[in-house]
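A quick write-up on the structure given underneath.
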Amino acid sequence: MKTVNILIDHINVNVPEGTTILEAAKKVGVSIPTLCYHPDQKVKANCRICLVEVKGSKGLNTACSTTVWDGMEILTNSKMARDARKTVLELILANHPQDCLSCIRNGSCELQKLTNEFGLNKISFDNVVERKAKDNTNPSIVRDSSKCIKCNRCVEACNEVQTVGAIYNSHRSYEYNITTAFDMPLEESTCIYCGQCSLVCPVGAIYEKSDIDKVWAALDNPDMHVVVQTAPAVRVSLGEEFGDGRGGIVTGKMVAALSRLGFNKVFDTDFTADLTILEEGTEFIGRVQNGGTLPMITSCSPGWINFIEKFYPECLPHLSSCKSPQQMFGALAKTYYAEKAGISPDKIFVVSIMPCTAKKYECTREEMRSSGYQDVDVVLTTRELARMIKQAGISFDSLEEEEYDDPFGITTGAGAIFGATGGVMEAALRTVYEVLTKETLQNIDFVAVRGLTGIKEATVNINGMDVKVAVANGIKNARLVLEKIKSGECDYKFIEVMCCPGGCIGGGGQPVGTTNKDRECRICSTYEVDKSMPLRKSHESPAVKAIYEEYLEKPNSHKSHHLLHTHYVDRKNK
Amino acid sequence: MAKMVRLISKYCGNVRPDSVEDYVKAGGYAALKKAMGMGPLDIIEEVKKSKLMGRGGAAYPTGIKWEQAYSITKNPKYIVCNGDEGEPGTYKDRLMLGQNPLQLIEGMTIAARVLDAREGYIYIRGEYKAIQETVKKAIENAVKAGYLGDNILGTQFSFHLEVVSGAGAYVCGENTALVESIEGKAGRPRIKPPFIKNAGLYLKPTLLNNVETFSCIPYIIDNGGDNFASYGNEHSGGTKLVSLSGNVENRDVYEVPFGITLRELVYEIGGGIPEGRTLKMVQLGGSSGACFPEAVLDTQLCYKDLKSKGISLGSGAVLVLDDSNCIVDFVKCIMEFFVHESCGKCTPCREGNRHILMLVEKFADGTATKADFEKMKRICDTMKYGAFCGLGQTATTALITCLKYFKEEFEEHIEGKCRAGVCSLNGKEAK
């Protein structure tokens, strides 16, 4: 690799050709401020907070976008650069509400952090904040345009990462803003509630709709039996909210925290993930054997369901009819569990802890009332759970680990890997193979479907038949796969789609600032959880066996269909 | 030295704008015929010799631009003409487009010949609706006559031209925003690099020149680069179309050789200041250009001489203001323009323009304080050195130069005095 010699703040440094000033400065221990920059995104250079002086250049240069050349002399802290950066910051702040103390991003706001670092003691320019109404009519996402600093990170997440195009930049000059087509509310836009925008927003302009108060109210109500389920992906990300390293596994502490918060039972969504494998696997085998619609596509990701309903309704027959694990859990909590525990379902309050903002919408769908009640009452994101734990003053680090409650506490490694892209496919293959061949699978690690690659493929020989499967990581790749199906060039039999890049571990409800590095670490931890489990195949789970024996009879039985399966709606032509 | 010459505007008014017949009869298309027998590098050599600099305002040497475009081997290449002419006070491209578009078309066709480009676009300002139709007709007629389209002049060379237009945003005169606009997107500048020459329209190599620049090409090929250059001076070759406007007797577009002084331009060609008033200020290059007083008028119209005074020729707009005008009020108008035209993409331009306007309004109201000078300077510097594109970088040129030459008028407003009697100073009275 060709390298160049440059001088940053009079320090010599040798860096590869093509390095940006921003990256090069890190090598000499200089951290140049950024706002529109995001390590996983394209360089935008529109906020101008990273201006530095380059000797011989006419003006100032943005460190994020300027690549170094041999002999370049950079001054990151000259008076000219400092003055310009300070003016840029003050211009942003003059148009930013000063209500940090009551802002959802208080403490995690990049603008607040920068302002602190700059040591600003006043804003020289007149306040020009125009308070606009918040868009908070949908169940998942709140947009507070008044706080937007127009960095366009959400625009890239929505348009390029997810290819949804619900929001884009619009208008010009001081009226320039990020908005939906014709300023419609988000729920009337193409938004699929994936929340990837909220993960990348540096400030409090886009965030999850908080349902914490509803949960506190239920916990405070002595007549309610409040149960909670935790999604597979939360245990490898929650710790980050408490200063743990990336992707730390905090299952036991999380369970302990939930008990402390007052939940009557703490259950594991991994249980219904295992159940999903039995239902979905059986459905797949049925489709193969009876000439059903193939390829079959997984249906556990609600952002994905929103996408296919809004963008590709003609492909709906390919979707598995299985509900997501969270909704299977809700239906069983208010039927099977209610009967078993002898509690009237109207006195059971089901809370889900999910890495996901789309789940908040999913639980409100009218199909999700199989128990006769709303099956899942409230969904909290990973971020909201962290906030609740902090509100309760619980010292997360010092908690003693605890175990999940029965009967939804016994799970397998297959359920655990639902949190990572490729996990559902791998879990399904472990079961489908053994059910069909009646043989024990020798190598249960399907490494080909793991990782952050966009579209992953594998071929598994089952009973002499080559079954080609694929995993689409993120909506952009799902779109590519659907186009392939539509054009008839698709030879896959079974496809897993996860809405969010990396799968649920990269979900829109995960800690803000999640990067691809974080995703990789959480994926690693997810497979560690899998490896550490005594059982790693869903069909071997005693809890799953028991529920079929006691209640559901068999996969895809009439009762299963009633409680665990659903149908979809064409929302494109609505 | 002649004060006025007609090299590139010589057919204007003498031919029907869309008539190939008239144009050819007058001498048009001789250059294209000649160019068909020349090698690309020979054509580029003539352009280099002509010392032609980009006439849109950036003054980049055209020959070098063409040479760079030629050396890029990726295909296809596009030829794009910037006819956005959004700079206030500039109406020279309107003259060329409206009165002799075939000369521009010929210039673009020669460029296409050099680069072996098959497609080109003429981006015409949204407000020039009638002119768009004229240019479209001229294109049609050139195709019919075999000077454009398939198999030009019976050869294998084909070049197709299309007229496009945006909705009239000033920023679309910025090359990358212009290209975005042609692609059907909102006119906002792109990050550079990649530069237009490597990744322009549809991310393909693109040669982008101003209307006037392309319109110079036929003369240069016809008469040789040295001949064109000889009309100017040592540093600036050929002639320039200037648009005179404001408080001057003869407001019009004039073709003048480089090297004449601004004084000659205003007083001899322009006929001086009407109604016996005196000149207060000249702004050169449109709203993004520098403002200066009478004392600077002996500067030559020459890129180098102007640069030595910190002035850029820009588009060649010359706005003359007499002493009935107030500098503060003038700057207020300029800033209103930029507040309206900022695309909003980058912080300094989106937020800076409006704050500067608010501060200038304080002067006009008589409510400004000395501290406001410092605030204006901070924003001006940040925009000049730190805005994303040329729009933001030059939006405060007028203010910066007015503060350099006319600061006492701003100071008088703090005291509640507007010497021209233009500003209301309402805030002062209310005090």
Side-chain angles (χ1 to χ4, degrees), chain A residues 18 35-36 42-54 57-62 64-67 78-96 111 123-130 149-152 155 168-178, chain B residues 167-172 177 180 185-194 335-359 361-362 367 371-372 374-395:
Chain A
L35 277 173
C36 67
K42 283 186 191 155
V43 167
K44 301 177 177 59
N46 57 37
C47 77
R48 318 305 280 181
I49 200 76
C50 66
L51 290 169
V52 296
E53 196 175 341
V54 175
S57 259
K58 248 197 318 189
L60 295 165
N61 294 58
T62 38
C64 67
S65 68
T66 312
T67 50
S78 67
K79 178 167 168 35
M80 192 182 175
R82 271 185 287 122
D83 284 353
R85 293 204 297 256
K86 186 162 169 271
T87 305
V88 168
L89 183 65
E90 285 186 58
L91 286 171
I92 294 172
L93 292 174
N95 190 19
H96 192 80
L111 183 62
I123 298 158
S124 312
F125 311 119
D126 287 348
N127 183 301
V128 289
V129 174
E130 193 193 326
I149 60 166
K150 287 89 177 173
C151 71
N152 276 266
V155 170
Y168 206 77
N169 54 51
S170 166
H171 296 74
R172 64 190 202 187
S173 194
Y174 61 85
E175 289 172 330
Y176 178 87
N177 69 105
I178 313 300
Chain B
Y170 171 80
V171 74
C172 288
E180 287 276 296
K185 301 172 190 159
R188 303 202 208 279
R190 289 180 187 167
I191 199 162
K192 287 184 264 190
M335 293 319 299
E336 280 168 356
F337 173 76
F338 283 110
V339 167
H340 182 66
E341 292 295 351
S342 166
C343 88
K345 178 174 178 144
C346 77
T347 312
C349 187
R350 180 183 65 244
E351 305 294 339
N353 277 311
R354 70 154 130 186
H355 281 285
I356 287 185
L357 176 59
M358 284 159 60
L359 289 162
E361 278 170 347
K362 281 175 80 180
T367 54
D372 291 326
E374 178 57 24
K375 286 185 190 175
M376 289 200 296
K377 186 180 181 304
R378 281 183 61 196
I379 304 175
C380 283
D381 285 351
T382 303
M383 288 175 68
K384 183 176 176 183
Y385 301 120
F388 189 98
C389 82
L391 193 163
Q393 288 159 11
T394 57

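All values derive from a computational prediction rather than experimental measurement. Naming: A, B, ... by sequence-line order, numbering from 1 per chain.
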- prompt: Heavy-atom distance under 4.5 Å to chain A: side chain of I191(B), backbone, both or neither?
  reply: side chain
- request: Of all the heavy-atom pairs spanning G386(B) and L51(A), show the shortest one and how long it is.
  value: CA-CD1, 3.8 Å
- request: Counting only heavy atoms closer than 4.5 Å, note whether R350(B) contacts chain A via side chain, backbone, both or neither.
  value: both
- prompt: chain B: which of A94(A), C151(A), G59(A) shares the most heavy-atom pairs with it under 4.5 Å?
  reply: G59(A)
query: Is the number of heavy atoms from other residues, nucleotides or ligands within 6.0 Å of OH (Y385(B)) greater than 12?
result: no
- prompt: Would you say the side chain of N353(B) lies within less than 4.5 Å of the side chain of S173(A), judging by non-hydrogen atoms?
  reply: no
query: Heavy-atom distance under 4.5 Å to chain B: side chain of L35(A), backbone, both or neither?
result: neither
- prompt: Is there a donor-acceptor pair under 3.5 Å between the side chain of R48(A) and the backbone N or O of T347(B)?
  reply: no
query: Can you tell which of R378(B), E351(B), R354(B), M383(B) makes a side chain to side chain contact (heavy atoms under 4.5 Å, CB included) with L91(A)?
result: E351(B)
With a 3.5 Å cut-off and sequence neighbours excluded, list the donor-acceptor pairs that the side chains of residues 338-345 of chain B form with protein atoms.
unit_1	atom_1	unit_2	atom_2	d
H340(B)	NE2	R172(A)	NH2	3.0
E341(B)	OE1	R172(A)	NH2	3.2
E341(B)	OE1	Y170(B)	N	2.9
S342(B)	OG	G344(B)	N	3.2
K345(B)	NZ	P189(B)	O	2.8

query: Among E90(A), K58(A), K42(A), E175(A), which has the most heavy-atom pairs under 4.5 Å with chain B?
result: E90(A)
message: At a 4.5 Å cut-off on heavy atoms, which part of S57(A) comes close to chain B: side chain, backbone, both, or neither?
response: neither
- line: Rounding to 0.5 Å, atoms SG (C346(B)) and OH (Y176(A)) come to a distance of 9.5 Å
Among T62(A), D83(A), N169(A), N177(A), residue most engaged with chain B (heavy-atom pairs, under 4.5 Å): N169(A)
query: Roughly how far, to the nearest 0.5 Å, is NZ of K377(B) from OG1 of T87(A)?
result: 9.5 Å
task: Against chain A, label R188(B) side chain, backbone, both or neither, depending on which of its atoms sit under 4.5 Å from a heavy atom there.
output: side chain
task: Please report the closest heavy-atom contact between H355(B) and D126(A), naming both atoms and the distance.
output: CE1-O, 3.0 Å
Contacting region of A387(B) [heavy-atom separation from chain A under 4.5 Å]: backbone
query: Distance from F388(B) atom CZ to C47(A) atom SG, nearest 0.5 Å?
result: 11.5 Å
- request: Rounded to the nearest 0.5 Å, what's the gap from OG on S124(A) to CD on E374(B)? Could you check?
  value: 9.0 Å
- prompt: When heavy-atom pairs shorter than 4.5 Å are enumerated against chain B, which of V43(A), N95(A), T67(A), I92(A) gives the highest number?
  reply: N95(A)
